[in-house]
Amino acid sequence: MGIRKAVFPAAGWGTRFLPATKAQPKEMLPLVDKPIIQYAVEEAVNSGACEIIIVTAVGKRAIEDHFDSSFELEHALAKKGAETLLAEVRAISELAEISYIRQKEQLGLGHAVWVTRNLVGNEPFAVILSDDIIDSEVPCLRQMVDVFERYGGSVLAVERVPRSEIGSYGVIAATKIADRVYRVEDLVEKPDPADAPSNLGIVGRYILTPRIFALLGETRPGKGGEIQLTDGLRALLREEPIFAYEFEGRRYDAGAKIGFLKATVEMALKRGDLVKEFAAYLRRLDLPPEQ
Ligand code: UTP
């Protein structure tokens with residue numbers, strides 16, 4: 001069965017990364033030498049999704065240019081005989097079939113998903129928030145597709161989150177039904193840590209049934225005046241089972257400064273061309289004492 005379409009909401013302001021995101025999309029910030037969103041698009045493609053739908057807004061043109069072919073650049077690289085770079089640059093524009101749709105007003109993640117309803121149509125689809133970079137042996141979305149195929153309902157990726165941070169997540173109340181798999185009973189967006197129903201926080205990967213579109217269309221603005229995906233999911237839960245899956249892999253919140261720094265360091269240490277010199281540099285660093 002699989003999942004053919006993956007939606008990438010990328011219309012947010014990226015306020016946690018200002019001023020870097022004033023004039024460039026946060027999705028284009030590089031981890032080592034690859035923009036954040038390319039990691040996520042590659043994950044979707046490696047999970048079987050062949051149609052990518054990116055939700056953009058004003059100031060996000062660089063994303064389209066990145067996945068487009070660049071005749072001038074390719075010509076310049078060919079002339080220089082830079083074959084490896086040329087192949088790398090070409091491969092980006094050949095990754096997948098990509099469509100773009102504008103979210104005219106940033107009314108929230110739920111709204112960003114809703115604007116893709118005509119492009120997605122009447123089939124289950126994935127939503128990927130590219131801020132969440134997930135490094136895993138089997139692509140995270142691929143792991144979730146397996147759960148979707150087995151249980152046949154929407155699937156949310158979850159992670160155990162320390163109590164002190166749970167208030168920044170959508171949180172589930174759930175019953176465990178198999179190794180790493182839960183049946184969701186309720187969801188709350190950014191709860192007070194004392195009221196959080198569990199320590200299972202929803203991270204940026206979802207497989208959703210198309211029923212979500214009609215429900216998002218009826219969802220009124222919630223927390224922060226935004227149309228919350230979590231509110232749409234609560235409505236979906238009243239009609240259909242929803243499952244949660246504790247994925248295998250390491251996640252970085254690359255939309256926040258500290259997560260971005262951790263991802264940069266760890267990704268660089270995994271790179272054969274950089275590891276020796278970079279590790280030697282890190283070892284020599286004179287770190288400030290722990291506070
Ligand atoms: P975030 O909550 O991370 O918001 O949105 P943001 O604007 O991107 O970043 P900060 O928090 O201000 O730094 C979660 C995801 O939903 C998308 C964002 O692009 C991000 O991928 N989003 C959010 C939209 O596409 N539209 C919106 O109206 C809101």
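Quick caveat: nothing in here was measured; it's all calculated off a predicted structure. Atoms within each ligand, like the ligands themselves, are counted from 1 in listed order.
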### Task
Using a strict 4.0 Å threshold on nitrogen-to-oxygen distance, state whether Arg251 and Asp132 make a salt bridge.
yes
### Query
With a 4.5 Å limit on heavy-atom distance, are the side chains of Glu246 and Glu159 in contact?
no
#### Entry: N/O separation below 3.5 Å, Trp13 to ligand 1
yes
### Task
Report yes or no: does Arg160 contribute a side-chain atom to a donor-acceptor pair with the main-chain N or O of Leu200 at less than 3.5 Å?
no
### Lys34 to Tyr39, cation-pi by 6.0 Å centre distance and 45° axis angle
yes
#### Entry: Residue-ligand contact Ala10/ligand 1, heavy atom below 4.0 Å
yes
### Query
Protein heavy atom under 4.0 angstrom of atom 5 (O) of ligand 1, is there one?
no
### Query
Mind checking whether Arg16 has an N or O less than 3.5 Å away from an N or O of ligand 1?
yes
### Query
For ligand 1, is there an atom lying under 4.0 Å from some heavy atom of Gln103?
yes
### Query
Do any N/O atoms on Thr15 end up under 3.5 angstrom from N/O atoms on ligand 1?
yes
### Message
I want to know if ligand 1 touches Leu109 in the polar sense, i.e. an N/O pair below 3.5 angstrom.
### Response
no
### Task
Mark whether atom 28 (O) of ligand 1 lies under 4.0 angstrom from at least one protein heavy atom.
yes
### Element-labelled atoms of ligand 1 that are located less than 4.0 Å from some non-hydrogen atom of Gln106
28 (O)
### Task
Determine, using ring centers only, whether Phe17 and Phe260 are less than 6.0 Å apart.
yes
### Contact list for residues 272-289, test salt bridge (Lys or Arg N to Asp or Glu O under 4.0 Å), sequence neighbours left out
Arg271-Asp273
### Query
Which one of Ala40, Pro25, Ala11 has a non-hydrogen atom at the shortest distance from atom 25 (O) of ligand 1?
Ala11
### Task
Can you sort out which atoms of ligand 1 are near Gly108, meaning under 4.0 Å from one of its heavy atoms?
26 (N), 27 (C), 28 (O), 29 (C)
### Query
When only distance counts, is Gly12 in polar contact with ligand 1, meaning an N/O pair under 3.5 Å?
yes
### Query
Can any side-chain N or O of Gln103 pair as donor or acceptor with the backbone N or O of Gly108 at less than 3.5 Å?
yes
### Query
Hey, is the main chain of Ala112 close enough, under 3.5 Å, to the side chain of Thr116 for a donor-acceptor pair?
no
### Query
ring pair (Phe, Tyr, Trp, His ring centres under 6.0 Å): which pairs involve residues 86-131, sequence neighbours left out?
His111-Trp114, Phe125-Phe213
### Which segment of Val55 sits under 4.0 Å of ligand 1 when only heavy atoms are counted
neither
### Test item, Glu27 contacting ligand 1 (heavy atom, 4.0 angstrom)
yes
### Task
Quick one: closest heavy-atom pair of Glu43 and Pro139, and the distance?
CG-CB, 3.9 Å
### Query
Between Phe17 and ligand 1, is there a nitrogen or oxygen pair with a distance under 3.5 Å?
no
### Query
Given that the side chain starts at C-beta and the backbone is N, CA, C, O, which of these parts of Lys26 lies under 4.0 Å from ligand 1, counting heavy atoms, or is it both or neither?
side chain
